[in-house]
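Here is the structure we will look at, set down as structure tokens.
We use all heavy atoms of the structure for the numbers below, so side chains are in, but hydrogens, waters and symmetry mates are not.
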Amino acid sequence: MPDLVTKLGIKPGHSVCLLDAPPAAATLIRHGCPDGVTVTERLGRSKHDLILFWPTRLAGLSARFEQLARRIVPDGSIWAVMPKKKFARARGSDVTWEQLQAAGLTGDLVDNKIASITEEEYGTRFVIRK
């Protein structure tokens with residue numbers, strides 16, 4: 001099984017933004033990154049190759065996807081990470097995968113990959129529609 005950063009598509013020279021990442025996931029991603037990867041926890045002014053975010057509420061999710069789509073490079077990606085179903089309630093999430101997908105597809109994004117992030121969560125990758 002490929003390691004997490006390979007599954008996420010993180011490569012040397014990439015700029016990665018982790019928004020609202022739980023500490024365990026942030027540590028796992030940071031420690032797995034190859035040399036030359038810049039990891040931040042705020043969007044800042046520059047564009048990123050990858051943005052990972054952890055939505056917990058449906059309200060405003062479509063607008064959030066639109067905002068993040070403007071902050072990635074043309075061939076970049078947005079990973080929306082959510083708890084697996086059996087952990088969702090305990091983690092305070094009210095978003096289902098179907099709702100997440102619908103929110104992501106309202107703009108110029110399309111989902112094209114799902115990957116396990118930790119034992120309790122998985123991510124869906126969204127990219128700009130070609």
- Message: Evaluate Leu109 against Phe65 for side chain to side chain contact (heavy atoms under 4.5 Å, CB included), listing each step before the verdict.
- Response: CA-CA 8 Å; Leu109 296 174; Phe65 269 112; 3.7 Å; yes
- Task: Evaluate side chain to side chain contact (heavy atoms under 4.5 Å, CB included) for His48 paired with Val73, printing each intermediate quantity in order.
- Result: CA-CA 6 Å; His48 302 279; Val73 297; over 6 Å; no
- Given side chain to side chain contact (heavy atoms under 4.5 Å, CB included), test Thr40 with Leu18 step by step and report yes or no. CA-CA 6 Å; Thr40 64; Leu18 305 175; over 6 Å; no
- Check against side chain to side chain contact (heavy atoms under 4.5 Å, CB included), Ile51 and Leu43: CA-CA 9 Å; Ile51 298 174; Leu43 286 174; 3.8 Å; yes
- Message: Go through it in stages, so that I can follow the logic: the residues are Lys85 and Glu120, the test is salt bridge (charged side-chain N to carboxylate O under 4.0 Å, His left out), and I'd like the CA-CA distance, side-chain angles, deciding distance and then a yes or no.
- Response: CA-CA 9 Å; Lys85 193 177 273 188; Glu120 295 185 7; over 6 Å; no
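Side chain of Thr106 to backbone of Ala103: a donor-acceptor contact under 3.5 angstrom is found. Although no hydrogens or angles enter the test, the distance criterion places a donor-acceptor pair under 3.5 Å between the side chain of Asp94 and the main chain of Leu58.
In the hydrophobic clustering of this structure, Leu8 does not group with Tyr122; members are Ile, Leu, Val, Met, Phe, Trp, Tyr whose side-chain heavy atoms approach within less than 4.5 Å, directly or through other members. Phe87 and Val95 are assigned to two separate hydrophobic clusters, defined by single-linkage of ILVMFWY side chains at heavy-atom distances under 4.5 Å.
Partner Leu100 forms a side-chain contact (heavy atoms from CB on, under 4.5 Å) with one of Val81, Leu61, Leu105 and no other, that one being Leu61. Each of Leu50, Leu4, Val39, Asp3 was checked for a side-chain contact (heavy atoms from CB on, under 4.5 Å) with Ile10, and the lone residue meeting it is Leu50.
With no hydrogens or angles considered, no side-chain donor-acceptor pair links Thr124 and Trp79 at under 3.5 Å.
Residue pairs meeting the side chain to side chain donor-acceptor pair (under 3.5 Å) criterion with at least one member in residues 54-64, sequence neighbours excluded, are Trp54-Glu121, Arg64-Gln67. The ring pair (Phe, Tyr, Trp, His ring centres under 6.0 Å) pairs that include a residue from residues 17-43 number zero, where partners must be two or more places apart or lie in different chains. For the salt bridge (charged side-chain N to carboxylate O under 4.0 Å, His left out) condition, no pair includes a residue of residues 103-119, sequence neighbours left out.
With respect to Glu66 and Arg71, no salt bridge is recorded, no charged nitrogen being found less than 4.0 Å from a carboxylate O.
Side-chain atoms of Lys84 and Ser116, non-hydrogen and from C-beta on, do get closer than 4.5 Å to each other. Between Leu68 and Leu19 the shortest side-chain heavy-atom distance falls below 4.5 Å. In this structure, Ile72 and Lys47 have side chains that are not in contact, with every pair of non-hydrogen atoms separated by 4.5 Å or more.
Atom NZ of Lys11 is surrounded by 12 or fewer heavy atoms from other residues, nucleotides or ligands within 6.0 Å.
Between Phe53 and Phe126, the ring centre distance reaches or exceeds 6.0 Å.
Closest approach of Ser93 to Pro83, counting heavy atoms only: CB-CG, 3.8 Å. Taking all atoms of both residues into account, the shortest heavy-atom contact from Arg91 to Pro22 is NH2-CG, 3.7 Å. Residue Val127 comes nearest to Ser77 through the heavy atom pair CG1-CB, 3.9 Å, listed as atom of the first residue, atom of the second, then distance.
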